[in-house]
Amino acid sequence: MKFSLIVAVVVLALAQGSFAQEALNLDNLSQYFEDLKNKMPQDLGEIIRNPDLVNQARTFLEERKAQLEPLAIQIQEQLRAASTNVEEQLKPLATQLQPMFENLQKQVEAMVQTMRDQAAAIGN
């Protein structure tokens, strides 16, 4: 019995020491992240103000622009060709539909005139 009581006390003492060590590690980790949070804006500011980085970014953008300009021109040409193709296909259709629309307009006008005449007859 005494032996098990001694073992329990030793286990509790070890556990308490372990928890204390973990708390110390947690404090160190918290301090590390706090330092990192404070230092990061300064480091980023220095990196951004670096003239070499600015020149590299400018060169990168100019190279990409040179690569994309021919592609943009090609896409524009393809869109123009597609637009012309659609226009050529729609012109005959519009020519065919024009008489139908004119006929429909005449019919609607005749119906409106008939309704006016009937409304005038009812009103008199």
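Scope of the values below: all heavy atoms of this structure, side chains included, with no hydrogens, waters or symmetry mates.
E109 CD to L104 CG: the interatomic distance, rounded to the nearest 0.5 Å, is 10.0 Å. Interatomic distance, N38 CG to E34 CD, rounded to the nearest 0.5 Å: 5.0 Å. We find the CG-CD1 distance between L68 and I73 to be 11.0 Å, quoted to the nearest 0.5 Å. In this structure, T59 OG1 and D52 CG are separated by 10.5 Å, a value rounded to the nearest 0.5 Å.
Side-chain atoms of R116 and Q113, non-hydrogen and from C-beta on, do get closer than 4.5 Å to each other. Put simply, the side chain of Q96 reaches to within 4.5 Å of the side chain of L93, judged on heavy atoms. Side-chain contact check for Q67 versus E63: every heavy-atom pair is 4.5 Å or farther apart. The shortest distance between side-chain heavy atoms of N55 and R58 falls below 4.5 Å.
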Worksheet entry | Derivation of the salt bridge (charged side-chain N to carboxylate O under 4.0 Å, His left out) call for E102 and K106 | CA-CA 6 Å; E102 290 173 357; K106 288 177 185 176; 5.8 Å; no
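In the hydrophobic cluster analysis, where Ile, Leu, Val, Met, Phe, Trp and Tyr join through side-chain heavy atoms closer than 4.5 angstrom, L61 is grouped apart from L71. Under the 4.5 Å side-chain heavy-atom criterion for Ile, Leu, Val, Met, Phe, Trp and Tyr, M100 and V108 are members of distinct hydrophobic clusters.
Side-chain atoms of N85 do not come within 3.5 Å of backbone N or O of A81 as any donor-acceptor pair. Remark: the backbone N or O of L79 is not paired with any side-chain donor or acceptor of S83 at under 3.5 angstrom.
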